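Worksheet for the structure shown next.
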Amino acid sequence: MTSTDDRYQHWPFPISEEERQIPEQAQKLDFLQDAYSDGFQSYRAVCGLDNYCAYSESRGGYILQRGRKNRWEFLLHEGDEICFSVLVTSFKVAGAAVRAWLNGRTREEILEDVKEYQISPPWTNSKNR
């Protein structure tokens, strides 16, 4: 993926004051800006998906909207290997998890940080097996 790929907007990119005033949008822009300020590449999808990403040379993380409002999956990878993903109730929590991963935190530390926001997917519920 290159910065000229028209499916993505790599941070920094121009934003309107109106976009910044929408609280949900401001959280997403803050994630992109904070990851960039930490020294990582960050972008958002612009092809109708509400997806965000930040990455370094060795680690990366995606934040993907899943279904209803306030349902986000963060997916963390190292190199080409997906390490784990978690569904949470907050974009801000997902963004903090991705940034923690990029800054070297472990899987166990991140899972501990997000446990009160974690959502179990319906296929993991024993009643649905």
Side-chain angles (χ1 to χ4, degrees):
M1 173 179 14
T2 67
S3 59
T4 59
D5 189 329
D6 61 0
R7 296 174 297 167
Y8 306 98
Q9 282 185 306
H10 288 259
W11 189 263
F13 52 81
I15 56 170
S16 69
E17 189 56 37
E18 292 82 21
E19 188 174 16
R20 179 59 84 177
Q21 296 302 315
I22 301 167
E24 185 177 274
Q25 195 60 32
Q27 284 184 354
K28 297 168 186 175
L29 295 170
D30 287 346
F31 164 74
L32 296 171
Q33 185 173 9
D34 292 346
Y36 184 80
S37 294
D38 288 347
F40 306 115
Q41 299 293 316
S42 61
Y43 67 84
R44 69 178 175 185
V46 292
C47 54
L49 303 172
D50 206 10
N51 298 341
Y52 296 80
C53 178
Y55 58 95
S56 67
E57 288 186 23
S58 59
R59 284 184 162 192
Y62 299 95
I63 304 172
L64 314 166
Q65 186 170 23
R66 296 295 189 205
R68 300 175 292 238
K69 187 176 181 176
N70 293 326
R71 186 177 170 116
W72 298 92
E73 177 181 14
F74 64 87
L75 186 143
L76 305 178
H77 64 88
E78 193 157 12
D80 292 333
E81 183 180 328
I82 295 171
C83 298
F84 67 104
S85 70
V86 178
L87 287 171
V88 293
T89 59
S90 165
F91 182 90
K92 193 171 186 174
V93 169
V98 169
R99 289 181 58 221
W101 178 251
L102 293 174
N103 282 301
R105 305 256 338 253
T106 66
R107 177 183 191 271
E108 292 74 21
E109 290 170 324
I110 291 169
L111 289 173
E112 180 65 27
D113 290 345
V114 304
K115 70 180 177 183
E116 69 184 84
Y117 303 96
Q118 191 170 350
I119 302 169
S120 295
W123 58 87
T124 62
N125 185 330
S126 61
K127 293 179 186 177
N128 293 333
R129 287 186 184 183

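Keep in mind that this is a model prediction, so the values were computed, not measured.
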Using the six-membered ring wherever Trp is involved, compare the ring planes of Y52 and F91 and label them parallel, tilted or perpendicular (cut-offs 30° and 60°). perpendicular
Quick check: closest heavy atoms across [X] and [Y], and the distance to 0.1 Å?
{"X": "R59", "Y": "L102", "answer": "O-CD2, 3.3 Å"}
{"X": "C83", "Y": "W101", "answer": "SG-CZ2, 3.7 Å"}
{"X": "Y8", "Y": "A45", "answer": "CD2-CA, 4.0 Å"}
{"X": "L76", "Y": "G61", "answer": "CD2-CA, 3.8 Å"}

Exercise. Given the rule in the side-chain contact (heavy atoms from CB on, under 4.5 Å) test, do R66 and W72 qualify, once you have shown the distances and angles that lead to the verdict?
Worked result: CA-CA 5 Å; R66 296 295 189 205; W72 298 92; over 6 Å; no
Note to self: Treating E81 as the side-chain partner and E78 as the backbone partner, does any N or O pair qualify as donor plus acceptor under 3.5 Å?
What the structure shows: no
*asked:* Check whether S42 reaches the backbone of A54 with its side chain - one donor and one acceptor, N or O, closer than 3.5 Å.
replied: no
Requested in this report: State plainly whether the residues R20 and D30 are in salt-bridge range, i.e. N to O under 4.0 Å.
Outcome: yes
Salt bridge R44-E19, side-chain N to carboxylate O under 4.0 Å: yes
request  = Indicate if I22 and L29 have the same hydrophobic cluster label, given that clusters are the connected sets of ILVMFWY residues with side-chain heavy-atom separations under 4.5 angstrom.
outcome  = no
In terms of hydrophobic clustering (I, L, V, M, F, W, Y; side-chain heavy atoms under 4.5 Å; direct or indirect links), are Y55 and I82 co-clustered? yes
- Counting only heavy atoms not in K92, do more than 12 fall under 6.0 Å of its NZ? no
Whether over 12 other heavy atoms sit under 6.0 Å from Q21 CD: yes
Given ring-ring contact (aromatic ring centres under 6.0 Å, His included), test Y62 with H77 step by step and report yes or no. CA-CA 9 Å; Y62 299 95; H77 64 88; 5.6 Å; yes
Contacts of D38 meeting side chain to side chain contact (heavy atoms under 4.5 Å, CB included) (sequence neighbours excluded), chain-then-number -> F40, R99, N103
Residue set satisfying side chain to side chain contact (heavy atoms under 4.5 Å, CB included) with Y117, at least two apart, ordered chain then number -> V88, T89, V93
Next on the checklist: Test side-chain contact (heavy atoms from CB on, under 4.5 Å) on V86 and E73; report intermediate values, then the result.
Outcome noted: CA-CA 5 Å; V86 178; E73 177 181 14; over 6 Å; no
Trace of the side-chain contact (heavy atoms from CB on, under 4.5 Å) decision for I15 with Q25
CA-CA 11 Å; I15 56 170; Q25 195 60 32; over 6 Å; no
Q.
Contact between I63 and F31 at the side-chain level, heavy atoms closer than 4.5 Å - yes or no?
A. yes
State, yes or no, whether a side-chain contact exists between D50 and K28 at a heavy-atom distance under 4.5 Å. yes
- Can you check side-chain contact (heavy atoms from CB on, under 4.5 Å) on Q9 and W11, steps first, answer last? CA-CA 6 Å; Q9 282 185 306; W11 189 263; over 6 Å; no
Across all chains, not counting sequence neighbours, the ring-ring contact (aromatic ring centres under 6.0 Å, His included) partners of F74 are none
The reported gap from CZ in R71 to OG in S90 (rounded to nearest 0.5 angstrom) is 14.0 Å
